[in-house]
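Contents: one structure, followed by commentary.
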Amino acid sequence: MERPINKMRYYLKDEVVPHNKKDDCWVIIHRNIYDLTPMLKDRFDDWNRTLDYLVAHAGKDLTHLFHENGEPRTEISPSTGRPRVLFPPILEVAISEFCKTPGEMWSQDPFYHMGRVTKRARLIRIVNTLTAQTQYMTVCNEDSIYDIQQKYKERYNHHAGSYEWRKFSNGGKSCGVLDLNGTLDENGLTDDVDSNVELPPPSIWLYYTDDITIA
C-alpha cells in the first residue's frame with residue numbers, strides 16, 4: 001500500500017505543552033509551531049537570563065506578543081521614548097550557521113517551523129475487532145487517516161500497521177476501505193458539528209491481517 005507524501009504536521013495544543021524544557025522547547029505563534037530546541041542547544045555554552053525567560057515560556061502560546069507575520073510586537077519605553085520589543089527573547093539567535101537561517105528572526109525562520117495547531121480537535125472511536133477493545137482518541141481535523149494511524153501506533157498499538165482500517169457505511173450494512181490520504185471528512189466520517197442532534201463520534205474498525213511485514 002502506497003504511503004502519502006510527508007506534509008506539514010498538525011498538532012493539538014495539548015501536544016505542544018509537554019515540550020517545555022531547555023532541551024525540548026516548542027512555542028506557538030498564530031497557530032504556527034516553532035521548535036527552538038536547536039537554537040537553545042547551540043547556546044548552552046553562551047547562556048543568559050533572556051534565554052531563561054524564553055524557556056519559561058516553552059510549551060506556551062505566544063501569539064499575543066507577535067504580529068501575524070511573525071514580527072514581534074513593540075511598545076514605547078517610558079524611560080527612553082523609543083520602541084522596544086514586548087518579548088526580548090526574540091532578539092536571541094543561534095551562534096552556529098547550521099542552526100538557523102541567516103538574517104531571519106526565529107519567529108519567521110522556516111528552519112524552526114515544524115507544524116501548525118489544528119483549527120479543530122476531533123474525537124474518534126477506534127475499535128479493534130481482534131481484541132474487542134475500543135479506544136477513544138482525539139485527533140486533528142486536518143489529519144489524514146495515515147496520520148491518525150501513525151498517532152494511534154505511537155500511543156496505543158505498535159502493530160497498527162498489521163490491521164486493515166475500515167469504515168461502515170449504508171447504515172452499517174457495508175464495510176468500506178478507508179483512503180489513507182484522505183481526512184475524516186473526506187472519508188465520510190463526519191461528526192455533529194453541523195448537526196441539530198448529538199451524534200456519537202465517528203468509528204474506525206481495525207481488522208487484523210496477520211501480516212507482520214506491514215507493521
Side-chain angles (χ1 to χ4, degrees), residues 1-19 24 26-35 37 59 61 63 68 109-195 198-215:
M1 182 177 298
E2 186 176 352
R3 295 185 176 180
I5 298 172
N6 288 334
K7 55 181 175 52
M8 179 66 69
R9 284 197 64 178
Y10 287 87
Y11 296 84
L12 306 169
K13 268 196 172 183
D14 289 348
E15 293 179 292
V16 177
V17 173
H19 300 273
D24 182 18
W26 294 10
V27 296
I28 302 169
I29 300 175
H30 292 284
R31 293 187 52 235
N32 294 300
I33 303 173
Y34 296 88
D35 181 1
T37 309
D61 191 335
T63 296
E68 196 164 351
D109 193 339
F111 181 85
Y112 303 116
H113 188 208
M114 46 77 65
R116 285 177 62 78
V117 174
T118 182
K119 286 185 176 180
R120 185 162 67 94
R122 296 280 303 271
L123 179 67
I124 62 172
R125 185 178 70 142
I126 298 180
V127 182
N128 187 324
T129 60
L130 177 67
T131 63
Q133 291 180 327
T134 297
Q135 180 67 57
Y136 287 89
M137 181 176 172
T138 303
V139 298
C140 302
N141 189 54
E142 301 86 351
D143 282 343
S144 68
I145 299 300
Y146 177 76
D147 295 329
I148 294 172
Q149 185 184 71
Q150 295 308 300
K151 291 180 179 181
Y152 177 78
K153 183 177 180 179
E154 292 171 4
R155 299 177 194 176
Y156 306 112
N157 188 338
H158 295 306
H159 300 289
S162 295
Y163 292 79
E164 285 189 357
W165 287 50
R166 294 181 171 271
K167 64 178 180 178
F168 280 96
S169 57
N170 191 24
K173 296 178 182 178
S174 59
C175 184
V177 177
L178 291 167
D179 175 11
L180 292 186
N181 293 289
T183 63
L184 292 168
D185 288 341
E186 290 167 347
N187 276 280
L189 296 170
T190 57
D191 56 16
D192 62 358
V193 67
D194 296 319
S195 176
E198 182 177 339
L199 301 174
S203 298
I204 295 176
W205 298 77
L206 275 53
Y207 290 84
Y208 188 60
T209 63
D210 196 24
D211 183 359
I212 61 173
T213 62
I214 61 174

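It should be emphasised that the depicted structure is a prediction, and the values quoted were computed from it without experimental measurement.
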For this session: Before accepting this row, confirm whether a basic side-chain N of the pair Arg116/Glu15 lies closer than 4.0 Å to the acidic partner's carboxylate O.
Result: no
For this session: Supply the atom-to-atom distance Phe111 CZ to Asp35 CG, rounded to the nearest 0.5 angstrom.
Result: 9.0 Å
Exercise. Parallel, tilted or perpendicular for His19 and Trp26, by the 30°/60° rule?
Worked result: parallel
For this session: Just do the side-chain contact (heavy atoms from CB on, under 4.5 Å) check on Asn181 and Tyr146 with the steps written out, would you?
Result: CA-CA 6 Å; Asn181 293 289; Tyr146 177 76; over 6 Å; no
Seminar exercise, completed: In this structure, NE2 of His113 is separated from CG of Asn32 (nearest 0.5 Å) by 3.5 Å
Exercise. For the side chain of Glu68 and the backbone of His30, is there at least one donor-acceptor N/O pair under 3.5 Å apart?
Worked result: no
Exercise. Are any side-chain N or O atoms of Asp143 and backbone N or O atoms of Val139, one a donor and one an acceptor, separated by less than 3.5 Å?
Worked result: no
Exercise. Does Asp185 pair with Arg122 as a salt bridge, N-O distance under 4.0 Å?
Worked result: yes
For this session: Please examine the side chains of Glu142 and Arg120, heavy atoms only from C-beta on, and report whether any two atoms are closer than 4.5 Å.
Result: no
Exercise. Do the side chains of Met137 and Tyr156 get nearer than 4.5 Å, heavy atoms only?
Worked result: yes
For this session: Take Asp147 and Arg9 through the test salt bridge (Lys or Arg N to Asp or Glu O under 4.0 Å) and record every step on the way to the result.
Result: CA-CA 8 Å; Asp147 295 329; Arg9 284 197 64 178; 5.9 Å; no
Problem set entry | Rounded distance (nearest 0.5 Å) linking atom OG of Ser203 with atom OH of Tyr136 | 7.0 Å
Exercise. Can you name the nearest heavy-atom pair linking Thr138 to Arg155, along with the distance?
Worked result: O-NH1, 3.5 Å
For this session: Test side-chain contact (heavy atoms from CB on, under 4.5 Å) on Tyr163 and Lys153 and set out the steps.
Result: CA-CA 11 Å; Tyr163 292 79; Lys153 183 177 180 179; over 6 Å; no
Exercise. Got a donor-acceptor contact below 3.5 angstrom from the Asn187 side chain to the Leu189 backbone?
Worked result: no
Exercise. Below 4.5 Å, heavy atoms only, C-beta onward: do Val27 and Asp61 meet side chain to side chain?
Worked result: no
Seminar exercise, completed: Per side chain to side chain contact (heavy atoms under 4.5 Å, CB included), Leu12 is matched among Val117, Val17, Thr118 by Thr118
Problem set entry | Pro202: which of Ile126, Thr190, Ile124 passes side chain to side chain contact (heavy atoms under 4.5 Å, CB included) | Ile124
Problem set entry | Separation of Gln150 CD from Ile148 CD1 (nearest 0.5 Å) | 11.0 Å
For this session: With rounding to the nearest 0.5 Å, note down the distance linking CZ in Arg125 to OG1 in Thr134.
Result: 5.5 Å
Exercise. Can you list the steps and then say if Tyr152 with Leu206 is a side-chain contact (heavy atoms from CB on, under 4.5 Å)?
Worked result: CA-CA 11 Å; Tyr152 177 78; Leu206 275 53; 3.6 Å; yes
For this session: Just do the side-chain contact (heavy atoms from CB on, under 4.5 Å) check on Asn141 and Leu184 with the steps written out, would you?
Result: CA-CA 7 Å; Asn141 189 54; Leu184 292 168; 5.7 Å; no
For this session: Output, in order, the C-alpha distance, side-chain angles, deciding distance and verdict of side-chain hydrogen bond (donor to acceptor under 3.5 Å, both in side chains) for Glu164 and Thr209.
Result: CA-CA 7 Å; Glu164 285 189 357; Thr209 63; over 6 Å; no
Exercise. Side chains of Ile145 and Asp179: closer than 4.5 Å at any heavy-atom pair?
Worked result: no
Exercise. Do any N or O atoms from the side chain of Glu186 and from the backbone of Thr183 form a donor-acceptor pair under 3.5 angstrom?
Worked result: yes
Problem set entry | Nearest-0.5 Å distance, CD1 of residue Ile29 to OH of residue Tyr34 | 5.5 Å
Exercise. Are side-chain heavy atoms of Thr129 and Tyr208 found at a separation under 4.5 Å?
Worked result: no
